[in-house]
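Quick caveat: nothing in here was measured; it's all calculated off a predicted structure. Start at 1 and go down the list; that is how both ligands and their atoms are numbered.
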Amino acid sequence: MPPDTLTPRDPRCEFLVTPLGVGEPCPRLSWKLESTERGAVPSASRVVVRADESSEAGWDTGWIAGHDRTSVAYAGPALRSDTRYHWEVGLRDAAGDDAGRARSWFETGVLSPAEWRAVWIARDTRTLPPIPVPQDHDRSLRCEYLPPPLQLRRTFTAGDVRRARVHVTARGVYRLRLNGVRVGRDELTPGWTDYAHRIQYQTYDVTDLLAEGDNVLGATVADGWWSGFVGMDARHQAQQYGTAPQFLAQLVLDRADGVREVIGTDGGWRERQGRIRYADLLMGQQDDARLDTPGWDRPGFDDSAWPFAVVAGTDTTTLTATGDEPVRVTAELPARSVVQRPEGFLVDLGQNIAGRVRLTVRGAVPGQRIRLRHGELLADDGSLYTENLRSAEATDIYYATGADEEVFEPEFTTHGFRYVEVAGYPGELRADDVTGVVLHSDTTFVGEFGCDDDLVTRLQANIRWGQRGNFVSVPTDCPQRDERLGWLADAQIFAPTACLNADCAAFFARWMRDVVSGQDAGGAFPDVAPKVCGCLDREGAPAWGDGGVLIPWHLYRTYGDRRVLDLSFGAMCAWVDHVHRHNPDLVWRHRRGNDYGDWLQVDAATPPEVLATAYFARSARTVSAAATALERPEITAHYARLAAEIGSAFVEEFVGDDGHVHGGTQTGQLLALAFGLLPDRLVDAVFGHLVRSVEERGNRLTTGFVGVALLCPTLAGHGRADLAHALLAQTAYPSWGYSVVNGATTIWERWDAWTADRGTQSAAMNSFNHYALGSVGEWLYTGVAGLDQAPGSVAWREAVVRPRVGGALTRASAEYDSVRGRFASRWQVDGDTFTLDVTVPPGAEATVYVPTADPDSVRESGDVLDDAPHVRGVERTGEEQVCHVGSGHYRFTASVRH
Ligand code: BGC
C-alpha cells in the first residue's frame with residue numbers, strides 16, 4: 001500500500017489551526033482522516049509532542065490501537081507558558097503498516113495568572129482636558145456623553161530579538177499597533193464574554209514588526225460591550241461591566257542571547273484622544289480625521305504633552321486564553337447600486353450583512369461632515385427604513401480632512417444592514433466608492449448543501465447569511481437593533497443547522513462557559529448569555545433555559561467534545577433539578593420565567609405548560625444520556641426515570657385517547673412526537689392530527705421558533721416526506737418561501753416581517769436577520785440531501801444516508817467535513833434512474849437507504865449489491881433498499897417510479 005492512501009489531515013489544537021496563546025493545560029489535539037481507497041480503517045494512531053527547546057521532555061502516546069480515535073488530550077509533562085510545541089500524528093493502516101502522518105504546532109499563552117506582569121491601564125480623567133463640547137448637530141442625545149476611545153502609546157527598546165509575542169486584551173474593544181502597523185487582523189477583540197468571570201486575551205506573533213532600537217506599541221480602546229450600549233438598555237450607555245475602557249498588554253521578547261524580557265502595560269504609557277470622537281457598537285462611530293496625529297504609533301513622535309495613563313487595576317485572575325475563532329473580515333461586497341435622493345445617496349449592497357462600510361471620499365472641504373446611516377430595507381417612499389433598529393442609531397459620521405482622497409472605515413462598531421444612506425458626500429458617489437465589509441466569528445464553513453431548485457437554493461443562502469450575521473463573538477438573535485444578545489433558545493434551535501454549515505465546536509464551547517456562569521444559585525440558566533443586568537436578568541424560560549442542556553449535548557454528539565459536556569454537566573443537572581423542585585408533579589407549571597412559548601407562531605399558541613413539560617422531559621432525557629457518556633451510571637438511571645415519568649405525566653395531562661394534544665397546535669403535536677413522549681398506541685393518532693393541521697391549511701405551517709425545526713424531520717420520519725417537501729416549496733404566507741419570493745436575503749425574525757397588504761410588522765420587534773426560523777437548514781442536509789449522523793453515534797462515527805427525494809427537485813447534495821473527515825451524499829434523478837453518490841471517511845460507516853420500488857434494479861458501481869465490495873447487510877424495507885458501507889466512495893443506481 002503506498003504510504004499515503006490513509007492519511008491524517010487538518011491537524012488542530014483545541015479545534016483551532018496552529019493557535020497561538022493556548023491556555024489549556026491539557027490541550028486536545030485532533031485530526032481528520034482521508035483515504036483514496038475503500039474500506040480504509042486506521043488500526044492505530046500515535047501522537048508525539050515536543051517543545052521547541054530540545055532540552056524539554058516531549059510526550060509520546062505510543063501506538064494506541066483502535067480505529068475511531070481522531071483526537072487525544074495532551075497528558076505529558078506540564079506545558080510551559082509562551083512556548084511553541086510541535087506535534088505529529090501518525091497512523092497505521094488495517095494491515096498494521098505505517099500509513100500517513102500530519103504535523104502541526106501550537107503555542108501556549110500565559111498558563112498561570114502569576115505570570116502576568118501587566119496591569120490594567122486607563123485614561124487619567126484628572127489630567128485630560130474635558131471632552132470638547134459637541135456642536136449641536138454633532139451628536140444625538142444618546143451619544144452626547146460617549147467618550148472618545150483611549151489612544152495609548154509606549155516606547156520601548158529592543159535588542160536582537162528572536163521571537164516576540166504579545167498577549168493583549170481590553171475591558172472594551174481594542175486595536176493594537178506596533179511601529180505603525182496593525183497587529184493581527186482580528187476585529188472587536190477581545191470579543192464578548194461574561195467579563196465578570198472571564199476576559200479573553202489574544203496572542204500575536206509580532207517578531208517581524210519589531211525593530212532593533214526604539215519601538216512603539218500603540219493601542220486604541222473603545223467602550224465595546226464593557227462600557228458601551230448593550231442590548232435594549234437604552235436609558236444610558238449601558239455600562240454593563242464598567243464605566244470606562246481599560247487596556248492590558250504583555251510583550252514577551254525572547255532575545256538572541258537567550259534572555260526573556262517581559263514588558264507589560266504600566267503607568268509609563270501615555271494617553272491622549274485621537275481622531276475618534278466616540279465609538280459604540282450600537283450607536284456607531286464618529287471620526288474627525290482632522291484630529292489625527294500621524295506618527296503617534298511610531299518611534300520619534302513627540303508625546304511629551306500626552307498625559308500618563310493611570311493604573312486602573314491589577315486583577316488578572318479573569319484573563320483567559322482565546323477559545324474560539326475571533327471576529328474577522330470574511331468578505332467584502334461591492335455596492336450593487338447607488339441612487340441619489342433628497343436625503344443623500346442611497347447605496348444597496350444587495351445583501352443583508354453584519355459589518356460596516358468602507359467609504360472613499362474625494363474632494364471634500366476640510367471638516368466636511370459625511371453621515372452614513374444603515375438599514376435593512378427601504379420605506380414605501382424609497383427612503384432608508386430604520387424604525388426597526390429601535391434605539392440603535394447605527395450611524396457613522398466622518399469629518400473629512402479635505403485631502404484629495406481619503407478613506408473612512410469605522411473599526412469599533414458593527415451594523416446589521418443592506419442599505420446605507422450617505423449624506424453630505426462631496427460630488428457624485430460612485431458604486432465603487434462603497435464597500436460592504438462583512439464581519440463575523442471566523443468559523444470555518446465545512447458544509448455545503450446544493451440542489452436544483454432556486455427557491456431552496458436561495459433559502460439555504462439566506463440561512464448561511466443569517467448565521468454569518470449573527471455569529472458575532474456570541475450567537476446573537478439579530479445584528480441590527482438594540483439587542484444583539486446571546487438568546488439561548490435561538491441558539492439551541494439553530495445549533496444543529498449551524499454545526500452543519502460551519503465548524504462551530506470552539507465557538508459554541510467557549511460561549512457555553514458564559515451560559516454556565518449565567519446560571520443562578522437555584523440552578524436556573526438565564527435567557528441570554530453573557531448575562532446582562534436589567535430586565536433580562538431572570539430565570540430562563542422553557543426552551544430558553546433548556547439551551548444550557550441541549551447545546552453541550554449537541555457539541556458532544558457532533559464533535560465528540562467531552563470536555564464541554566464535563567464542564568456543563570453539573571449545570572445541566574442543576575437546571576433539570578430546578579424545574580423539578582418547583583414542579584414536583586412533573587408538569588412544568590411554575591417558574592417558567594418569561595414564558596415565551598412557541599415564540600412568533602402563527603395564530604396557534606401552544607399552551608405554555610405543554611411546551612414547557614415537553615422540554616422538561618427532553619432535558620431530563622438529555623442529562624441522562626450525558627451521564628452515560630460521562631460514565632456516571634447512577635445519574636443516568638435517575639434522570640432516565642425522571643424523563644420517563646415526565647413523559648407519562650405529559651400524556652396523562654395533555655394527550656387524549658384520540659391523539660389530541662392539548663391546544664391542538666402543530667407545535668404541541670411535534671413536541672410530543674419528536675421528543676418521544678408518546679406511547680406507541682398514540683403515535684399514529686397524534687401524527688394524523690399533525691398531518692391534518694398542515695393539510696387543512698393548504699400545506700402551511702403555524703409553528704414559531706420552538707416548533708419550526710421539528711416540522712420537516714417529523715413529517716418525513718413518519719412517512720410524509722411529501723408534505724415536508726410541500727412546506728418547503730410553499731411560497732404563500734406563512735412559509736420559508738414567502739420571505740424568499742419577497743426578496744429576503746437573510747432569514748426574517750417573523751413569518752410576516754413584511755406582507756404585501758400590511759407592509760412591515762411593528763417596528764418594536766421586527767428583525768430581517770434572525771436565524772431561528774432558518775433551523776430548517778438542518779433538514780436540507782439531513783432530509784433533502786439525506787446526510788445525517790446516526791442516532792447514538794458520536795463524532796460522526798456512523799452516518800445515515802437517506803435522501804428524501806421529492807418536491808420539484810431532481811437533484812440535491814450535502815457535503816460535510818466532519819471532525820472525522822468528509823462525508824457526502826449526492827443524488828439525482830435522471831429519467832427513471834436514480835443515482836446516489838456517497839462518501840464516507842476512513843474509520844466511519846454509513847447506513848445507506850436507496851429509494852426504489854424495484855430492489856432488483858439497485859447496483860453499486862455496476863455490481864448487484866450482494867457482490868459489491870465493502871457493501872454489507874443488504875435489507876429491503878418497503879420502498880427502500882438498505883445497506884451498510886464502510887469508508888470510501890460509492891455510487892448507487894436504481895430505477896425509480898415517477
Ligand atoms: C429576541 C429573540 C428571543 C426573544 C425571546 C426577542 O427579542 O429577538 O430572538 O428569543 O426575544 O422571546
Side-chain angles (χ1 to χ4, degrees), residues 192 229-234 238 281-282 352 354 376 387-392 394 415-416 462-463 466-467 469-472 474-495 497-498 508 511 514-515 518 524-551 592-602 604-606 608 611-612 615 667 703-709 739 746-753 760-777:
W192 190 16
F229 282 99
V230 171
M232 47 286 239
D233 192 352
L281 292 167
L282 296 180
N352 196 340
E376 293 183 291
E387 278 77 356
N388 68 331
L389 307 185
R390 303 195 305 217
S391 71
H415 314 298
N462 292 0
I463 292 168
Q467 180 162 344
N470 284 296
F471 277 41
V472 181
V474 304
T476 64
D477 56 334
C478 56
Q480 73 296 85
R481 68 180 177 225
D482 57 355
E483 189 148 358
R484 315 181 190 189
L485 299 173
W487 286 95
L488 267 67
D490 306 40
Q492 64 97 346
I493 285 155
F494 189 67
T497 300
F508 274 127
W511 177 66
D514 291 336
V515 173
F525 282 120
D527 279 333
V528 299
K531 197 165 173 169
V532 289
C533 354
C535 60
L536 295 175
D537 187 1
R538 62 190 164 217
E539 291 177 1
W544 271 254
D546 293 287
V549 173
L550 302 173
I551 294 171
R592 291 198 303 250
N594 224 35
D595 212 9
Y596 301 106
D598 187 21
W599 192 242
L600 302 178
Q601 43 71 29
V602 185
T606 302
L611 183 152
Y615 259 92
T667 292
T703 49
F705 280 24
V706 175
V708 65
S739 65
T746 36
I747 300 294
W748 295 349
E749 175 173 24
R750 297 168 175 267
W751 296 112
D752 60 352
T760 47
Q761 251 281 7
S762 155
M765 207 191 75
N766 196 26
S767 144
F768 285 79
N769 194 358
H770 234 75
Y771 52 54
L773 298 180
S775 52
V776 67

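Looking only at protein heavy atoms, the nearest one to atom 7 (O) of ligand 1 is E483 OE2, 2.7 Å. Protein heavy atom closest to atom 12 (O) of ligand 1, with residue, atom name and distance, is Y596 CD2, 2.9 Å. Nearest protein neighbour of atom 9 (O) of ligand 1, counting heavy atoms only, is D490 OD2, 2.4 Å. For atom 3 (C) of ligand 1, the nearest protein heavy atom (residue, atom name, distance) is W487 CD2, 3.4 Å. For atom 4 (C) of ligand 1, the closest non-hydrogen atom of the protein is W599 NE1, 3.6 Å.
Proximity of the aromatic rings of F705 and F494 is defined here by a centroid distance below 6.0 angstrom, and this criterion is not met.
The shortest separation from a heavy atom of R484 to ligand 1 is not under 4.0 Å, leaving the residue out of contact.
Side-chain contact check for F525 versus V549: some heavy-atom pair is nearer than 4.5 Å. Looking at heavy atoms from C-beta onward, I747 lies out of side-chain contact with F768 at the 4.5 angstrom threshold.
The contact set between ligand 1 and E749, taken as ligand atoms under 4.0 Å from a residue heavy atom, comprises 8 (O). Taking every non-hydrogen atom of F705 and a distance limit under 4.0 Å, the qualifying atoms of ligand 1 come out as 9 (O). Below 4.0 Å from some heavy atom of D477 lie the following atoms of ligand 1, by number and element: 1 (C), 8 (O), 9 (O).
M232 pairs with exactly one of R481, R484, R390 by the side chain to side chain contact (heavy atoms under 4.5 Å, CB included) rule, that one being R390.
No side-chain N or O of E376 forms a donor-acceptor pair with one of N769 less than 3.5 Å apart.
The part of R481 lying near ligand 1 is the side chain, judged by heavy-atom distances below 4.0 Å.
Put simply, the side chain of E749 gets close to the backbone of S767: a donor and an acceptor are under 3.5 Å apart.
In this structure, A392 and D482 approach most closely via the heavy-atom pair CB-N, 3.7 Å.
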